[in-house]
Amino acid sequence: DVKVTQSSRYLVKRTGEKVFLECVQDMDHENMFWYRQDPGLGLRLIYFSYDVKMKEKGDIPEGYSVSREKKERFSLILESASTNQTSMYLCASEPSGHGYGYTFGSGTRLTVV
Amino acid sequence: QKEVEQNSGPLSVPEGAIASLNCTYSDRVSQSFFWYRQYSGKSPELIMSIYSNGDKEDGRFTAQLNKASQYVSLLIRDSQPSDSATYLCAAFVGQNFVFGPGTRLSVLP
């Protein structure tokens, strides 16, 4: 069974902290994505990657960065957490070609206080 | 116009009825569409994909694509309370998929 694993289900961090959200997939997928999901705003793309060491900005990259040193791992970094980054963060992956749909991780609910 | 639009609902149907969920899209959208189901507090899970005009059936689910009218639908036959969830439509735009805001479905026992 294919899997996308996010390291934490719930996180509480303080304003100004540097926060790392980890995502690992075991499906040998080329494409990986980070979304945030907020009530009334839906799913918004933060960053994506089509290959190791490759990254592209999505629709809302401000305040975030990413790292993809290995094919299976895609990390989202909040450089200096702020309260408006309180959200559900979802990692997803898919094979190259865009014809297969995403497999999502279980999500990380981040609260910044 | 947003690229992918859905009625947010809630859509309420009695158990055993057909639930019809609709999604409209803009000219920028390529012809790849996916439906995801998301239970409250959970992540989205892929239900179906559709690329060609017409209907595609999978069990109790039927996806319908009408390119001329720019809409895609998901029909759920014999709706069950366990089908109560938010249904997200996704369409390929540019480099990636864009998700609609989702329609909340409530199946009443």
Less than 4.5 Å apart, side chain to side chain, heavy atoms only: is that true for B/Asn96 and A/Phe33? yes
Would you indicate whether the side-chain heavy atoms of B/Tyr36 and A/Phe104 approach each other to under 4.5 Å? yes
Tell me if the NZ atom of B/Lys67 is crowded by more than 12 foreign heavy atoms within 6.0 Å. yes
Take atom CZ in A/Arg14; do more than 12 heavy atoms of anything else shown fall under 6.0 Å from it? no
Give the minimum heavy-atom separation between A/Ser106 and B/Ser43, together with the two atoms involved. CA-OG, 3.8 Å
Please find the pair of heavy atoms, one from A/Tyr35 and one from B/Phe99, that lie closest to each other, and give the distance. OH-CE1, 3.6 Å
Which of residues 37-48 of chain A get closer than 4.5 angstrom to chain B, counting heavy atoms alone? A/Gln37, A/Leu43, A/Leu45, A/Phe48
Which pairs, with at least one residue in residues 59-73 of chain A and sequence neighbours excluded, count as a side-chain hydrogen bond (donor to acceptor under 3.5 Å, both in side chains)? A/Asp28-A/Lys71, A/Glu30-A/Lys71, A/Arg36-A/Tyr64, A/Ser49-A/Arg68, A/Lys53-A/Glu69, A/Tyr64-A/Tyr89, A/Ser65-A/Glu79
Are [Y] and [X] linked, directly or through intermediate hydrophobic residues, by side-chain heavy-atom contacts shorter than 4.5 Å (ILVMFWY only)?
X: B/Tyr71; Y: B/Val4; result: no
X: A/Leu76; Y: A/Ile60; result: yes
X: B/Val72; Y: B/Leu105; result: yes

Can you list everything that forms a salt bridge (charged side-chain N to carboxylate O under 4.0 Å, His left out) with B/Arg60? Sequence neighbours excluded, please. B/Asp83
Interatomic spacing from CG in A/Leu90 to CD in B/Gln38 - rounded to 0.5 Å: 7.0 Å
Partner set under side-chain contact (heavy atoms from CB on, under 4.5 Å) for B/Ser20, not counting sequence neighbours: B/Asn22, B/Leu75
